[in-house]
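Only a predicted model underlies this, so the values are computations on that prediction, with no experimental measurement involved. All residue numbers in this chain count up from 1 along the given sequence.
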Amino acid sequence: QVQLVESGGGSVQAGGSLRLSCAASGRTFSAYAMGWFRQAPGKEREFVAAVTKSGGLTYYAASVKGRFTISRDNGKNTVYLQMNSLSPEDTAVYYCGANQGGVRLMVRSVYDYWGQGTQVTVSS
């Protein structure tokens, strides 16, 4: 079992930045690829970014590429999402997920564990 706790959400104006954190506890953090997804009201949960177990490879949704950066610190059991140049379209609840298989990281259904989410609100 892996417990995930997100933090760092909040309200920001368009063009601003936020850094989300997801702290993991339970099993060995480095055994899991990690991903960030988001869900806006009335919409499906969508892929945002993912990082492999070692942190060597990262993946991004087209809508956030160049603005968001995912990283992980296996020593601190934490994955981060640095979000820059935020726009109102980025408003959503952001969730982190842990994927033991380490493949198909853009697919929501392959994630084994999820956090409770953190709200990000971007005003124009």
| field | Joint cluster assignment, Val110 & Trp114, ILVMFWY side-chain distance < 4.5 Å | value | yes
| request: Check Ala24 against Val2 and note the closest heavy-atom contact, atom names and distance. | output: CB-CG1, 4.4 Å
| said: Using the rule that Ile, Leu, Val, Met, Phe, Trp and Tyr join whenever any side-chain heavy atoms are under 4.5 Å apart, tell me whether Val93 and Leu20 fall into a single cluster. | reply: no
| task | Under 4.5 Å between side-chain heavy atoms, chaining through other members, with only Ile, Leu, Val, Met, Phe, Trp and Tyr counted: pull out the rest of the cluster around Tyr80, sorted by chain and number. | result | none
| remark: Value for CD (Gln13) from OG (Ser123), rounded to nearest 0.5 Å, stands at 5.0 Å
| message | Run the salt bridge (Lys or Arg N to Asp or Glu O under 4.0 Å) test against Arg72 and tell me which residues pass, sequence neighbours left out. | response | none
| Would you say Phe68 and Val48 make side-chain contact, with heavy atoms under 4.5 Å? | yes
Using atom types as modelled, flag every donor-acceptor pair under 3.5 Å from a side chain in residues 94-104 to any protein atom, sequence neighbours excluded.
from  : atom 1 : to     : atom 2 : distance (Å)
Tyr94 : OH     : Arg38  : NH1    : 2.9
Tyr94 : OH     : Asp90  : O      : 2.6
Asn99 : OD1    : Gly101 : N      : 2.9
Asn99 : OD1    : Gly102 : N      : 3.2
Asn99 : ND2    : Val103 : O      : 3.1

| said: Quick check: closest heavy atoms across Leu81 and Ala49, and the distance to 0.1 Å? | reply: CD1-CB, 4.1 Å
| request: Not counting sequence neighbours, which residues clear side-chain hydrogen bond (donor to acceptor under 3.5 Å, both in side chains) with Ser25? List them please. | output: Gln3
| Rounded to the nearest 0.5 Å, how far does CD of Gln116 lie from CG of Leu4? | 9.0 Å
| task | Please round to the nearest 0.5 Å and tell me the distance separating atom CG of Leu86 and atom OG of Ser11. | result | 11.5 Å
| message | Which Ile, Leu, Val, Met, Phe, Trp or Tyr residues join Val5 in one cluster when any pair of side-chain heavy atoms under 4.5 Å counts as a link? | response | none
| request: Name all pairs fulfilling the disulfide bond (SG atoms under 2.5 Å apart) condition that reach into residues 48-88, sequence neighbours left out, sorted by first residue then second. | output: none
| query | Got a donor-acceptor contact below 3.5 angstrom from the Thr91 side chain to the Val122 backbone? | reply | yes
| message | According to disulfide bond (SG atoms under 2.5 Å apart), does anything in residues 37-70 pair up with another residue at least two apart or in another chain? List the pairs. | response | none
| field | Linked, directly or transitively: Tyr113 and Tyr111 (ILVMFWY side chains, under 4.5 Å) | value | no
| message | Which residues pass the salt bridge (Lys or Arg N to Asp or Glu O under 4.0 Å) test with Arg19, not counting sequence neighbours? | response | none
| query | Is it the case that Asp73 and Thr78 place a side-chain donor and acceptor less than 3.5 Å from each other? | reply | no
| For Glu44, which residues count as a side-chain contact (heavy atoms from CB on, under 4.5 Å) partner, sequence neighbours excluded? | Arg108
| message | I'd like to know whether Met83 forms a side chain to side chain contact (heavy atoms under 4.5 Å, CB included) with Ser17, so could you lay out the CA-CA distance, the side-chain angles of the two residues, the decisive distance to 0.1 Å, and finally the verdict. | response | CA-CA 5 Å; Met83 305 186 296; Ser17 298; over 6 Å; no
| request: Could you walk me through whether Glu6 and Trp36 pass the side chain to side chain contact (heavy atoms under 4.5 Å, CB included) test, one step at a time? | output: CA-CA 10 Å; Glu6 301 97 335; Trp36 286 97; 3.8 Å; yes
| Residues in ring-ring contact (aromatic ring centres under 6.0 Å, His included) contact with Phe47, at least two apart in sequence or another chain | Phe37
| message | Tell me the closest heavy-atom pair linking Ser124 and Pro88, and the distance in Å. | response | CB-CG, 3.9 Å
| remark: Taking every heavy atom of Ile70 against every heavy atom of Tyr60, the minimum-distance pair comes out as N-OH, 2.9 Å
| task | Provide the closest heavy-atom pair for Met34 versus Val79 in the form atom of the first, atom of the second, distance. | result | CE-CG1, 3.9 Å
| task | Could I get the full list of side-chain contact (heavy atoms from CB on, under 4.5 Å) partners for Ser30, not counting sequence neighbours? | result | Thr28, Asn74
| task | Would you please name every residue forming a side-chain contact (heavy atoms from CB on, under 4.5 Å) with Thr52, sequence neighbours left out? | result | Ser54, Leu57, Tyr59, Leu105
